[in-house]
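Report on the structure given below.
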2 protein chains.
Amino acid sequence: MAMPASTTLLAWTRLLRAADLASQHCAATLRTLGLPPPEWYDVLLAIERSGALRPRDLQAALGTEQYALSRLIDRMVKAGLLQRVPCAEDARGYLLHLTIEGRAMRAAMWPLYAEAIETALGARIAEEDCTVLARLLAPLTEPISA
Amino acid sequence: MAMPASTTLLAWTRLLRAADLASQHCAATLRTLGLPPPEWYDVLLAIERSGALRPRDLQAALGTEQYALSRLIDRMVKAGLLQRVPCAEDARGYLLHLTIEGRAMRAAMWPLYAEAIETALGARIAEEDCTVLARLLAPLTEPISA
DNA sequence: GCTAAGTAGTTGCACTTGCATGGACATTCC
DNA sequence: GGAATGTCCATGCAAGTGCAACTACTTAGC
C-alpha cells in the first residue's frame, strides 16, 4: 500500500487534465461542424478496417463499456451508418457492417477529426516529444490488474 | 491545416486511453469503497487549501464546466460537505467553506484515493519516466487557443 | 443429452451531463 | 444616473451513463 511519489501526483493531474482538454477540444470541434462525436469515428474506422466486427470485438478494441457500446451501436444503426447482420457461428451476437452512408461519414469526418487532433496535440508539442510521450504511455494503455 | 504525423496519432490514442483507464480505475475504486467520486475530493482539497473559494475560482482551478460545477456544488452541499456563505464584495456569487464533515471526508478519502493513483499510475511506470511524462504533458495542460 | 456455468448483448431506472437559456448583479461608457 | 454590456451562477430539457438485472445462446462437466 505504497503512497504515490510527488512526481507521480504531478504526472497524474497533468495526464488527466491534458487528456480532458484534448478530447473536449476534439468533441467540440466536430460538434460545431455538425458532425457526430469522436467515438462514432472510432467505431466506423474499426469496422471499416476489419470489414465486419462483433460488438464484443469492438468493445475490446475501443475499451468501451459493454452497455455503453450497446446503445452507441443502436444510435448509429438508427442513424443509418451501421447495419446488424445475424452471425452464423453464434446466434447470440451479430456482425456489424458499414452502410454506404457509414463509409461516407467516416471519410467525411477524418480530415476534420485529424485537424482537431493536430490542433490539440500535434501543434502543441515537438514531434520528438510526441514519440517519447507515446513510448512512456504504452504501459498505461494495458488493463489495470491489481 | 496540417495533418497529424503518425507519431502524433499514436500519442493521441495512447493519451486518451491511458487517462481513461486510470481515471476509471480510480473512480471505480472509490465507488466500491462507498466513497464519493474523485471530483469531490478535488473540490474538497481546493477549498481546504484556500480556506474559502468562489465557484468561478473553483472552475478555473479544476477546469470543470460551469454548469457541471454548479450542480456538483449543489450535491455536495446537500451531502453536508460544503456550505455556501454570501459574498460581501459580489452579491452574485458566494463563498464555499468546508463543513466539519467535509474536512473529515477529505481526510478519509485521501489514503484510498492515493492508493488508487499509485496502482493506476505509480506502480505501472518508473519514477524517472513519470518525471519525464509530467514534463512532456505540461504544455498540454494549458487551454487550447486556435 | 441434461444440467450447470459462462458469454453476448439488452434494458429499466436513477443519475449525470451538455447545451442553451435565463435571471441577477456588476461594470463601463456616455 | 441610466442604458448597454459583461460576469456569475442556476436550470429546463434532451441525451448519455452506470449499475444491476435480465434474456438468450453456448460451452463444459458429468
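Lettering follows sequence order; numbering is per chain, from 1. Values in this document were obtained by computation on a predicted structure and should not be read as measured data.
Within the structure, ring pair (Phe, Tyr, Trp, His ring centres under 6.0 Å) contacts touching residues 122-142 of chain A (residues at least two apart or in different chains) do not occur.
Annotation: the terminal axes of the helix from C:dG1-D:dC30 to C:dC30-D:dG1 meet at 30°, where each axis is the rotation carrying the C1' atoms of four end pairs onto the next four (5 pairs per end, rounded to 10°).
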Extract all donor-acceptor atom pairs below 3.5 Å that involve side chains of residues 125-138 of chain B and protein atoms in other chains or at least two apart in sequence.
from, atom 1, to, atom 2, distance (Å)
B:Thr131, OG1, A:Thr7, OG1, 3.2
B:Thr131, OG1, B:Glu127, O, 3.1

Please list, one pair per line, the donor and acceptor atoms closer than 3.5 Å that link side chains of residues 65-94 of chain B to other protein atoms, with sequence neighbours excluded.
from, atom 1, to, atom 2, distance (Å)
B:Asp74, OD1, B:Arg84, NH2, 2.3
B:Arg84, NH1, B:Tyr94, OH, 2.9
B:Asp90, OD1, B:Arg92, N, 3.0
B:Asp90, OD1, B:Arg92, NE, 3.0
B:Asp90, OD2, B:Arg54, NH2, 3.3
B:Asp90, OD2, B:Arg92, NE, 3.4
B:Asp90, OD2, B:Arg92, NH2, 2.7

If you look only at distance, which donor and acceptor atoms sit under 3.5 Å apart when one is on a side chain in residues 102-109 of chain B and the other is two or more places apart or in another chain?
from, atom 1, to, atom 2, distance (Å)
B:Arg106, NE, B:Glu48, OE1, 3.1
B:Arg106, NE, B:Glu48, OE2, 3.3
B:Arg106, NH1, B:Tyr41, OH, 2.7

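Remark: B:Ser6 pairs with no residue by the side chain to side chain donor-acceptor pair (under 3.5 Å) rule, at least two apart or across chains. By the side chain to side chain contact (heavy atoms under 4.5 Å, CB included) test, A:Ala52 is found to be paired with A:Leu95, A:His97, residues two or more places apart in sequence or in another chain being considered. Here A:Ala120 pairs with A:Ala22, A:His25, B:Trp12, B:Ile144 under the side chain to side chain contact (heavy atoms under 4.5 Å, CB included) rule; sequence neighbours left out. Checked against side chain to side chain donor-acceptor pair (under 3.5 Å), A:Thr99 has the following partners two or more places apart in sequence or in another chain: A:Glu101.
Rounding to whole angstrom units, CG of residue B:Leu95 and P of D:dC8 are separated by 14 Å. As a whole-Å value, the separation of B:Asp74 CG from D:dA10 P is 6 Å. Rounded to whole angstrom, the span from the CG atom of A:Leu69 across to the P atom of D:dT17 amounts to 11 Å.
Of all nucleotides in DNA chain C having an atom under 4.0 Å from a heavy atom of chain B, the first and last in 5' to 3' order are C:dT16 to C:dA26.
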Starting at the 5' end of nucleotides 18-26 of chain D, put B wherever the base has a protein heavy atom under 4.0 Å, S where only the sugar-phosphate does, and a dash everywhere else. BB----BBS
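Scanning residues 36-60 of chain B for heavy-atom distances under 4.0 Å to DNA chain C yields an empty list.
For the pair A:Arg124 (side chain) and B:Glu142 (backbone), a donor-acceptor distance under 3.5 Å is present.
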